[in-house]
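The structure appears right after this line, and notes come after that.
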There are 2 protein chains.
Amino acid sequence: MDEKKKPSIVDVAKWAGVSTATVSRVINHNGGYSRETEEKVKKAVNECEFTPNANAIGLRTNKSRCIGVIVPDVTNEFFARIIQELDFYLLKHKYSLLICNSNEGYELENMHIRGLIEKHIDGIVYISGQNEIKHTGKIRNIPVVYIDRAPKNAEMLIMSDNQEGGYLATREMVRKGCLRILLLRDVRCASTIRYRKEGYLRALREGNIPYNEELEVSCFPEYAQARSVMDRLMKSRGCFFDGIFATNDMMALACINVLLEAGVKIPEEVKVVGFDNISLTRFTSPQITTITQDTRQMALAAGSTILKMIQKKEIREKTTIIPVTLEVRGTT
Amino acid sequence: MDEKKKPSIVDVAKWAGVSTATVSRVINHNGGYSRETEEKVKKAVNECEFTPNANAIGLRTNKSRCIGVIVPDVTNEFFARIIQELDFYLLKHKYSLLICNSNEGYELENMHIRGLIEKHIDGIVYISGQNEIKHTGKIRNIPVVYIDRAPKNAEMLIMSDNQEGGYLATREMVRKGCLRILLLRDVRCASTIRYRKEGYLRALREGNIPYNEELEVSCFPEYAQARSVMDRLMKSRGCFFDGIFATNDMMALACINVLLEAGVKIPEEVKVVGFDNISLTRFTSPQITTITQDTRQMALAAGSTILKMIQKKEIREKTTIIPVTLEVRGTT
DNA sequence: GTGAAAGCGCTAACAC
DNA sequence: GTGTTAGCGCTTTCAC
């Protein structure tokens, strides 16, 4: 065993006085060896401080035990939470997570995908973040699990029950007496948003409240844009609503700040519900009522699905819907 | 060239009518071939849709073009921003980023490190997040760059100019007339916090304001803890300060909410400055004055340093200090 | 300027 | 139950 080099399985074999095949068998728990040799080998492994060479294994088996995750923006807490849970789940299964931040950009995404392919990663988790999927077809022969949105030909999809979320959010306000509930929605035509709106409509119907087109306002799903839209609305038409369902928490926060600054009382005069339950919703005053997307379950579903695909196990459901919950707090 | 299998350099060599050695040379721009063969090979590479097998390269060269990043919590925006920039920088240099979320846990971190070693990653970026570095010595022969904090025997360290940050924050309040500036500090004894306090003291000295021990309050650096500490303080002693320097933005936010709820006017009666400039500081009302840690420069420094170490280039500075800036907003 | 061939560390098929 | 060995795809030395 060389002084400088890392010990290989050959070194271990020599040390234990067995063949490399036997060492390999023991390491991989493949059976076909006696209790005795097992001990010998394990001892040798420890004493040599042997660690397997993933590159060699990968080359030999065409597996890398790496999963790539493509994400529009790690900086977004919702995505970060998914990554965190995914990392934890995969670590337990001895997989590594390669992070690919696309910044919502086509070019970065493609560079990343190219890198992933060269690295022979075993699978990809693709978190779309409501934007269009652009790469379609570029990824071949690699299992892909989509979270949130997926291209038509996609195999596997994990998503929250957005319809139910929209419903729960709106029902909460209806039950508490709101009659003119503003829908402040992400302007982008994502299916997730469409579902949330369906839920909103369902809750209105259930409460015998007619849908009013004037109460639907679109804007880009960022704080700044939501703020200016609400500012303009308040200036031009005043507070003509008694509830707001914002399709994400940042927009909800923008509403709350605008209303509070205009002297409107929350939740007495206007109630507000957001979506996502990012941590920020607990750091405001009042704290924001919102819909929890269960990032943990989403990550778990994505992780176990991708592992199953890698192992070519059969998967019953192509689409997994993760339940959402209403978090009642100070704004309703 | 097999139908199902990915083409290897053997296929390309056959296609181009040259040897694998030549293909390798062309691919790696190693010179020693004619303009003519270069064209032939390049053409073959394209037509075969050849992508190199990173495992084979890694096995042969003992390089993986992978960098691991160990981070206490991806969900923390400050860390996420560093990861984002690092990912971008490394992508440009054709390196991949393996994410290792330690959740501030010893065990997870070690599992991750073990995985990184097996994967023969080329380097590690270690973002400590002010907690102690525990692994010391476990990582051998792998270049490591530390961000924020480093163990004694560490080679490379990137950090913000925390002293200057504390100074700028405090000076801003001194200049605007504050005389009793509360220091709400992270209770953990990290060097970063120590530096920030030094800056605070320097600004006081400069303003001829005596340091008052009673104005230094410690707590865990989370919103909830900061809130309850401030709540208690206000209940027991009222508002005996006219400024607060909180050593991170979450604590600053907690202060602001407590004060606002108690009817204290910000910034008229009390001014507040945070630290980090997380995006949340712009989503509050009033927006929070804070110190920007330049995550982009930190990531750039970490990225270029780790690449230099990998290439065994000499590095002048062991420690890189990244400048910080004061962001004046509504709370001062 | 180009090719032949060894070998990186490992697994798995086959032999015993 | 264990050993021998071929070969995964690539780089690199050594010939020519």
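Letters A, B, ... are given to chains in the order of the sequence lines, protein chains preceding strands, and every chain is numbered from 1.
- Of the candidates C:dT2, C:dG3, D:dT12, the closest approach to any side-chain atom of B:Val18 belongs to C:dG3.
- Rounded to a whole Å, the CZ atom of B:Arg65 is 15 Å from the C1' atom of D:dC10.
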List the atom pairs, donor and acceptor, that lie under 3.5 Å between side-chain atoms in residues 297-309 of chain A and the rest of the protein, sequence neighbours left out.
{"residue": "A:Ser304", "atom": "OG", "partner": "A:Leu300", "partner atom": "O", "Å": "3.3"}
{"residue": "A:Ser304", "atom": "OG", "partner": "A:Ala301", "partner atom": "O", "Å": "3.4"}
{"residue": "A:Thr305", "atom": "OG1", "partner": "A:Ala301", "partner atom": "O", "Å": "2.6"}

Scan the side chains in residues 310-322 of chain A for donor-acceptor partners under 3.5 Å anywhere in the protein, sequence neighbours excluded, and list what turns up.
{"residue": "A:Lys318", "atom": "NZ", "partner": "A:Ala154", "partner atom": "O", "Å": "3.0"}

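- With sequence neighbours excluded, no residue satisfies side-chain hydrogen bond (donor to acceptor under 3.5 Å, both in side chains) with B:Thr61.
- Annotation: of the two residues near DNA chain D, A:Tyr33 and B:Ile27, the 5′-most nearest-nucleotide partner is A:Tyr33.
- Residues satisfying the salt bridge (Lys or Arg N to Asp or Glu O under 4.0 Å) criterion with B:Arg81, sequence neighbours excluded, are B:Glu77.
- Between the CG atom of B:Asn30 and the P atom of D:dC10 there is a distance of 15 Å, rounded to whole Å.
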Check the interface with nucleotides 14-16 of chain C: list each N/O to N/O pair with the protein under 3.5 Å, or write none.
none

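- Within the 4.0 Å cut-off from OP1 or OP2 of C:dT2, at least one side-chain nitrogen or oxygen of B:Thr37 is found.
- Considering only side-chain N and O atoms, B:Thr61 lies nowhere under 4.0 angstrom from the phosphate OP1 or OP2 of C:dC8.
- For B:Lys63, the salt bridge (Lys or Arg N to Asp or Glu O under 4.0 Å) criterion is met by no residue, not counting sequence neighbours.
- We find that NZ of A:Lys119 is positioned 18 Å from P of D:dG9, with the value rounded to whole Å.
- Here C:dC8 presents its P atom at 13 Å from NE2 of B:His120, a figure rounded to the nearest Å.
- Here A:Thr20 lies in heavy-atom contact (under 4.0 Å) with a base.
- Within the 4.0 Å cut-off from OP1 or OP2 of D:dG1, not a single side-chain nitrogen or oxygen of A:Thr22 is found.
- Rounded to whole Å, the distance from CD1 on B:Ile9 to P on C:dA5 is 16 Å.
- More than 12 non-hydrogen atoms from other residues, nucleotides or ligands lie less than 6.0 angstrom from CD of B:Glu39.
- Within residues 49-59 of chain B, the residues having any heavy atom closer than 4.0 Å to DNA chain C are, in order of number, B:Leu59.
- The CD atom of B:Glu36 sits 8 Å away from the P atom of C:dT2 (whole-angstrom rounding).
- With sequence neighbours left out, A:Arg25 forms a salt bridge (Lys or Arg N to Asp or Glu O under 4.0 Å) with no residue at all.
- In this structure, the NZ atom of B:Lys14 is 13 Å from the C1' atom of D:dG9, given to the nearest Å.
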Return all side-chain donor-acceptor pairs below 3.5 angstrom for residues 50-59 of chain A, not counting sequence neighbours, or 'none' if the list is empty.
{"residue": "A:Thr51", "atom": "OG1", "partner": "A:Lys6", "partner atom": "NZ", "Å": "2.8"}
{"residue": "A:Asn53", "atom": "OD1", "partner": "A:Asn55", "partner atom": "N", "Å": "2.8"}
{"residue": "A:Asn53", "atom": "OD1", "partner": "A:Ala56", "partner atom": "N", "Å": "3.2"}

Where do A:Asp87 and B:His112 land on the side chain to side chain donor-acceptor pair (under 3.5 Å) test, with the steps shown first? CA-CA 10 Å; A:Asp87 177 66; B:His112 266 129; 3.2 Å; yes
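- Atoms NZ (B:Lys6) and P (D:dG9) sit 10 Å apart, rounded to a whole Å.
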